[in-house]
There are 2 protein chains.
Amino acid sequence: MARGVDPVSDRPVYKQIADELRRRIETGRIAPGERLPSESALVAEFGVAHGTIRQAIQLLRSEGLAVAEHGRGVFVRNRPPIRRLAHDRFSRKHREAGKAAYLAEAERENAQPRVDVYFVGPETADTDVAQRLKIRKGSKVLARRRRYLSDGEPTELATSFIPWDLAKGTPMTEINPGPGGVYARIEDAGRRLGRFTEEVSARMPTPDEARALRLAAGTPVLTLVRVAYDVEDQPVEMCDTVMSAEHFVLNYELPAD
Amino acid sequence: MARGVDPVSDRPVYKQIADELRRRIETGRIAPGERLPSESALVAEFGVAHGTIRQAIQLLRSEGLAVAEHGRGVFVRNRPPIRRLAHDRFSRKHREAGKAAYLAEAERENAQPRVDVYFVGPETADTDVAQRLKIRKGSKVLARRRRYLSDGEPTELATSFIPWDLAKGTPMTEINPGPGGVYARIEDAGRRLGRFTEEVSARMPTPDEARALRLAAGTPVLTLVRVAYDVEDQPVEMCDTVMSAEHFVLNYELPAD
DNA sequence: CAGTGGTCTAGACCACGAC
DNA sequence: TCGTGGTCTAGACCACTGT
């Protein structure tokens, strides 16, 4: 054993090696974006087996400190710039200016926005959707499944559900719902919006989500379920969102009374 | 190779085994809380090496589907009941009823609340704290570091910072700040609260956080930074919170205007 | 092509929990 | 004590990236 690892310590060797590499990253000795020594170099340096080095690197990857690229090397993760969702994201003034929320946001961030629309069409409401929209399970709803990208990098998967009676025959059923987005069309249909509720949580992504968001292993997702209510407090839309946690900080404001 | 795994497939064997086990979990063939077959049983069943089985199980653990207990076995994770933070968490009516936010919450959940106070005393503001409290970096602040538990299970780590001029000589500097909590004492000091902002994000825990919250490997944390402002919009407190993501759903309400 | 990370084997020994 | 998961070795071969 060459340097830094104590084979008789209680702490497993692979964790000691991870500690040492983590130290190098945190002190900037290996800067963000730089490559770690290759596995074989680390085998030589620490005098351990290939598998042990891989365990150490696996640990750093699960901590989100490093990303491996097959055939190229293991690199120190450079944290991408963070997007901030303001609490006025759904303010009427943006809708009236003809901007959907994500466009208003992208403009503020000077990022190139893109939306991949996966599916727009009728589906039947499952238990969760039905409960939140206060309709019967199995009722027809309009589903809009899409992926948002910023400067080409996927940031967010979103699915909206709108009661079919409200959506049918309107531009909501089109790929592009027009200026101001779906919320503007809901107001066009005479349902003035009153409030939104949002439920935020976090978890590890499913394999599908990790692929669609191009997430590195060990990156969690933020999940957000938003329900829009009209001024009579009837739910008119719900939106289920899965976000790459690294790209987002969600901002909220609460009154003290 | 016994069943289910195709050694010539593109998909690595360990992933195929993880797929098969995931299927058993998702279909309920192995119910939440139940034990998976032991590693040696799986070695026999799939006809692969020990290390390959461990890779498969590692994958399930990183997805949060299974937890390993040394010497006992690997168990299907049973999702714990979820706590919900209402948006009226900091309403004046709770404060006036003499309840700190977490107590009002625990009461609603019928859970046994506990707080471990790690430290209460003066510290100097770092860049982030100073910026949010609009004070000079290095200024003296009161820090209150604590851990919240619900029915004995740790759920949340929180650190509050209060400008020293506001806190000194008040019960805020005591372990127990009295009925209604720190926010009630801030109002006692003549700074009526006007609003709160909250910033929510998610990430993987540091090793320290994982230990203090007794997190299973592969469980992310929600982080929340709250700043309290008085009616003159001066910041009076900030609170940095790290929560076990499994235990929390954060609820917010947004106006449409 | 050489060098990188990714998968897999066969075996050894250790540490923990329950009986 | 026995069965469980955890660590580690030494070596093989594969898949991807760059030149």
Side-chain angles (χ1 to χ4, degrees), chain A residues 1-2 4-21 30 33-62 65-77 207 210 214 216-218, chain B residues 1-2 4-21 30 33-62 65-77 207 210 214 216-218:
Chain A
M1 316 290 162
V5 302
D6 170 9
V8 301
S9 155
D10 269 0
R11 191 159 179 80
V13 173
Y14 80 93
K15 287 189 182 175
Q16 295 182 49
I17 294 173
D19 290 344
E20 168 59 22
L21 295 174
I30 313 179
E34 271 183 28
R35 224 197 66 187
L36 265 61
S38 75
E39 294 184 355
S40 47
L42 293 170
V43 164
E45 172 177 355
F46 292 102
V48 298
H50 181 198
T52 304
I53 291 297
R54 282 189 62 77
Q55 269 187 294
I57 290 176
Q58 191 56 43
L59 191 56
L60 297 177
R61 292 174 60 187
S62 80
L65 282 177
V67 284
E69 295 183 34
H70 196 164
R72 300 217 318 130
V74 178
F75 297 84
V76 177
R77 171 79 76 58
R214 285 190 222 135
Chain B
M1 317 288 166
V5 302
D6 170 8
V8 302
S9 155
D10 270 0
R11 193 160 177 78
V13 173
Y14 80 94
K15 286 189 181 173
Q16 294 182 51
I17 293 173
D19 289 343
E20 168 61 20
L21 295 173
I30 314 178
E34 272 184 28
R35 224 197 66 187
L36 264 60
S38 75
E39 292 182 356
S40 48
L42 293 170
V43 164
E45 172 178 353
F46 292 103
V48 298
H50 181 199
T52 305
I53 292 297
R54 283 189 62 77
Q55 271 187 294
I57 289 175
Q58 192 55 43
L59 191 56
L60 297 177
R61 291 173 61 187
S62 80
L65 282 177
V67 284
E69 295 183 35
H70 197 163
R72 299 216 319 129
V74 178
F75 298 83
V76 177
R77 172 80 75 61
R214 285 190 220 134

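Naming: A, B, ... by sequence-line order, numbering from 1 per chain.
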Exercise. Could you check which of C:dT7, C:dT4, D:dT9 has an atom nearest any side-chain atom of B:K15?
Key: C:dT7
Exercise. Identify, between B:H50 and A:H50, the residue whose nearest nucleotide on DNA chain D lies closer to the 5' end.
Key: B:H50
Quiz item: What integer distance in Å separates B:E39:CD from D:dT7:P?
Solution: 11 Å
Quiz prompt | Listed partners of B:A41 passing side-chain contact (heavy atoms from CB on, under 4.5 Å), at least two apart | solution = B:P37, B:S38
Quiz item: Any idea which heavy atoms bring B:F75 and B:G33 closest together, and the distance?
Solution: CD2-O, 3.4 Å
Practice problem: Compare the minimum distances between each of C:dG5, C:dC8, D:dC8 and the side chain of B:V13, then state the nucleotide with the smallest one. | Solution: C:dC8
Exercise. Please determine if a side-chain N or O atom of B:R54 lies less than 4.0 Å away from the OP1 or OP2 oxygen of D:dG5.
Key: no
Quiz item: For the side chain of B:S38, counting heavy atoms from C-beta on, which of C:dG5, C:dT7, D:dT4 is nearest?
Solution: D:dT4
Quiz item: Less than 4.5 Å apart, any side-chain heavy atom of A:L65 and any of A:V76?
Solution: no
Exercise. Return no unless some side-chain N or O of B:S40 is found under 4.0 Å from OP1 or OP2 of D:dG3.
Key: no
Quiz prompt | Atom of B:L60, atom of B:A18 and distance for their closest heavy-atom approach | solution = CD2-O, 3.8 Å
Quiz item: For the pair made of CG in A:L36 and C1' in C:dG3, what is the distance, rounded to whole Å?
Solution: 16 Å
Exercise. Check the distance between C:dT4's C1' and A:I57's CD1 and give it to me in whole angstrom.
Key: 11 Å
Quiz item: Under the side-chain contact (heavy atoms from CB on, under 4.5 Å) test, which residues partner A:R11, sequence neighbours left out?
Solution: A:S9, A:K15, A:Q16, A:D19
Practice problem: Write down the distance between OH (B:Y14) and C1' (D:dA15), rounded to a whole number of angstrom. | Solution: 13 Å
Quiz item: Can you tell me if the side-chain N/O atoms of A:T52 get under 4.0 Å from OP1 or OP2 in D:dT7?
Solution: no
Practice problem: Would you mind reading off the distance between B:L42 atom CG and D:dT4 atom C1', rounded to a whole angstrom? | Solution: 12 Å
Practice problem: Could you state the atom-to-atom distance from CZ of A:F46 to P of D:dC8 in whole Å? | Solution: 13 Å
Please list, pair by pair, any protein nitrogen or oxygen found under 3.5 Å from a nitrogen or oxygen in nucleotides 15-19 of chain C.
| from | atom 1 | to | atom 2 | distance (Å) |
| --- | --- | --- | --- | --- |
| C:dA15 | N3 | B:H70 | NE2 | 2.9 |

Self-check item: Closest to side chain of A:V48, choosing from C:dC8, D:dG6, D:dT9
Solution: D:dT9
Self-check item: Member of B:V48, B:L42, B:V43 meeting the side-chain contact (heavy atoms from CB on, under 4.5 Å) criterion with B:E45
Solution: B:L42
Quiz item: Rounded to the nearest 0.5 Å, how far does CG of B:L21 lie from CD1 of B:I53?
Solution: 7.5 Å
Quiz prompt | Separation of atom CD1 in A:I17 from atom C1' in D:dT9, rounded to whole Å | solution = 13 Å
Quiz prompt | B:I53 CD1 - C:dG11 P separation (whole Å) | solution = 16 Å
